[in-house]
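Taking it in order: structure first as structure tokens, then the write-up.
In what follows, chains carry the letters A, B, and so on, assigned in the order in which the sequence lines appear, proteins first and then strands, with residues in each chain numbered from 1.
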Number of protein chains: 2
Amino acid sequence: MPKLDASLIAGLPPFEGLEKDELEQVLAPARSLRFEREKPIFEQEAEAHFFFVLLDGHVRVVRTTPEGQQVIVRYISEGEVFGIATALGRTAYPATAIAAVDCVVLAWPSALWPELSTRFPALGANTYRTVGSRLQEAHTRVIEMSTEQVEQRVAHALLRLVRQTGRKTGEGIEIDFPITRQDIAEMTGATLHTVSRLMSAWEGEGIVKSGRKRVTISDPHRLMLKAESREQR
Amino acid sequence: MPKLDASLIAGLPPFEGLEKDELEQVLAPARSLRFEREKPIFEQEAEAHFFFVLLDGHVRVVRTTPEGQQVIVRYISEGEVFGIATALGRTAYPATAIAAVDCVVLAWPSALWPELSTRFPALGANTYRTVGSRLQEAHTRVIEMSTEQVEQRVAHALLRLVRQTGRKTGEGIEIDFPITRQDIAEMTGATLHTVSRLMSAWEGEGIVKSGRKRVTISDPHRLMLKAESREQR
DNA sequence: CGAGAAATTGAAAAGATTCAACTCTCGTGG
DNA sequence: CCACGAGAGTTGAATCTTTTCAATTTCTCG
């Protein structure tokens with residue numbers, strides 16, 4: 001096993017506030033893993049033997065209902081921790097994580113969490129801060145689903161994706177990984193048909209440009225207007 | 001200030017695993033407060049100066065959108081921690097907490113969290129376990145809102161309330177605090193009209209019994225059937 | 001180049017909301 | 001102690017958003 005270098009993780013949010021030698025100590029028990037596009041990194045209900053930091057790529061976190069319906073919980077971007085069930089006192093992963101593109105991750109054995117988070121309090125604090133924002137995000141989503149129409153929800157979802165993973169191109173900001181209408185539907189609680197109709201309409205208005213598994217926002221400002229307008233109920 | 005007794009909190013989930021003398025140390029910096037029905041305990045956006053444990057009563061946690069729409073995030077029951085923004089690295093409360101009935105709470109200054117959670121690791125672990133289940137719960141709610149119809153969502157919400165706060169009566173299990181159709185609507189992302197129609201129908205079928213601000217489930221089993229049936233999309 | 005996945009689009013149907021009017025209940029103050 | 005008024009709940013009818021069903025087209029990758 002090649003020794004991992006502290007520069008790999010220096011500057012990533014979870015490790016903010018750690019010294020170089022601390023980074024090395026944190027890194028020592030970690031292993032680096034690669035996952036091909038569409039391969040699962042861990043499965044819902046499986047025992048949470050590891051927790052992860054995403055070094056490169058994008059990960060889709062999906063929860064499946066007993067009836068087999070899927071909902072996309074979130075996308076993980078570079079530098080984020082995920083699979084941290086153990087930090088929240090759970091022994092099993094509550095969702096499945098799938099590499100949306102080819103990915104490189106660091107994995108730590110869950111059993112080390114108590115020791116690591118005590119020895120490096122900043123690591124614990126950073127992680128729990130992340131948990132806090134995810135909890136808020138989840139509530140925000142509940143609120144959106146309660147109070148907004150599909151059009152607003154889809155607009156908000158696209159804007160969030162663009163903010164997290166947008167990549168500038170000549171025609172606007174492109175979402176950095178393959179994403180289907182079905183995926184967007186699973187993020188917003190809509191059907192792929194409705195999403196498709198919306199995107200077609202927006203394409204006509206020159207707000208987005210999209211093709212097979214690709215979405216580019218050409219006019220984020222006007223998309224924001226779509227996201228804000230008509231909040232009632 | 002009267003000295004608080006360890007027996008007040010012994011056996012409550014957040015303090016599981018602490019010895020009697022540890023309980024006393026934890027309790028020392030806490031103060032006990034009373035809130036009348038419908039009085040706010042803390043307000044959304046306000047600085048999170050305290051975190052709380054509910055000793056008696058029920059608390060409604062509400063988030064308000066910039067447009068003024070309200071959504072009920074959850075109800076807190078006896079023995080639960082709440083207002084723990086500080087444990088998640090936030091300086092402001094993300095929601096408003098309102099006493100649903102007359103309440104007694106313990107309050108600790110947020111500034112003590114780092115010290116308390118380090119000195120009493122069990123306290124930290126218990127709290128983060130709670131956070132973990134709330135995160136899961138929030139995701140469950142997102143999933144319900146994505147995949148279920150209003151009827152299933154309302155049934156699920158009632159069942160959850162009954163499980164958390166149910167009190168056996170002659171006619172079934174009653175929800176232990178005043179709750180309006182509007183409240184149920186704000187928990188499920190429906191309108192009070194739809195909720196009212198559903199409850200009327202269920203009352204006709206002998207599944208629930210309800211009056212002004214009161215709901216009793218007379219036949220939980222048949223309500224479960226309503227909650228489960230017809231999951232599609 | 002061919003095949004399967006992804007996307008589009010029309011038409012019909014359904015669920016839930018909106019609008020509106022009305023009733024009931026309970027607490028309060030004269 | 002009773003009447004009154006506001007908050008809570010009910011219910012019909014019309015409307016609308018979104019889904020469902022179905023058929024077709026487009027894309028891309030092996």
Of A:Arg153 and A:Gly211, the one whose closest nucleotide on DNA chain D sits nearer the 5' end is A:Arg153

Between CZ of A:Arg181 and P of D:dT18 the distance, given in whole Å, is 17 Å

Rounded to whole Å, the CD-P distance (B:Glu186 to D:dA8) equals 11 Å

Here the distance between atom P of C:dC26 and atom CZ of B:Arg214, to the nearest Å, is 9 Å

note: B:Ile179, atom CD1; D:dA8, atom C1'; distance rounded to Å ~ 14 Å

Query raised in the report: Does the side chain of A:Gln182 get closer than 4.0 angstrom to OP1 or OP2 of C:dA6 through an N or O atom?
Result: no

query: Do B:Cys103 and B:Val59 come within less than 4.5 Å of each other through their side chains, counting heavy atoms only?
result: yes

When rounded to whole Å, the CD to P distance for the pair B:Glu38 and D:dG7 reads 13 Å

Using a heavy-atom cut-off of under 4.0 Å over every strand shown, decide if A:Ser200 touches base, sugar-phosphate, or nothing. sugar-phosphate

Any N or O donor-acceptor pair under 3.5 Å from the base of D:dT20 to the side chain of A:His193? no

At 4.0 Å (heavy atoms only), tell me whether B:Thr194 reaches a base, stays on the sugar-phosphate, or touches nothing.
base

Q) Would A:Phe177 and A:Tyr75 count as a close aromatic pair, with their ring centres under 6.0 Å? A) yes

What's B:Arg212 touching, base or sugar-phosphate or nothing? Going by heavy atoms closer than 4.0 Å. base

Examine D:dT18: is either OP1 or OP2 under 4.0 Å from a nitrogen or oxygen in the side chain of A:Thr191? Give yes or no.
no

Rounded to whole Å, CZ of A:Arg37 lies from C1' of D:dG30 at a distance of 14 Å

Check: Salt bridge check: are B:Glu186 and B:Arg181 linked by an N-O gap of less than 4.0 Å?
Finding: no

Separation of C:dG15 atom P from B:Glu148 atom CD, nearest Å, is 15 Å

Give a yes or no answer on whether the side chain of B:Ser146 reaches the backbone of B:Val142 with a donor-acceptor pair at less than 3.5 Å. yes

Item to complete: Could you check A:Phe50 against A:Phe42 for ring pair (Phe, Tyr, Trp, His ring centres under 6.0 Å), going step by step and ending with a plain yes or no?
Response: CA-CA 9 Å; A:Phe50 296 92; A:Phe42 57 77; over 10 Å; no

- May I ask you to evaluate whether A:Ser196 reaches the phosphate of C:dT8, defined as a side-chain N or O under 4.0 Å from OP1 or OP2? yes

Separation of C:dC22 atom P from B:Arg197 atom CZ, nearest Å, is 16 Å

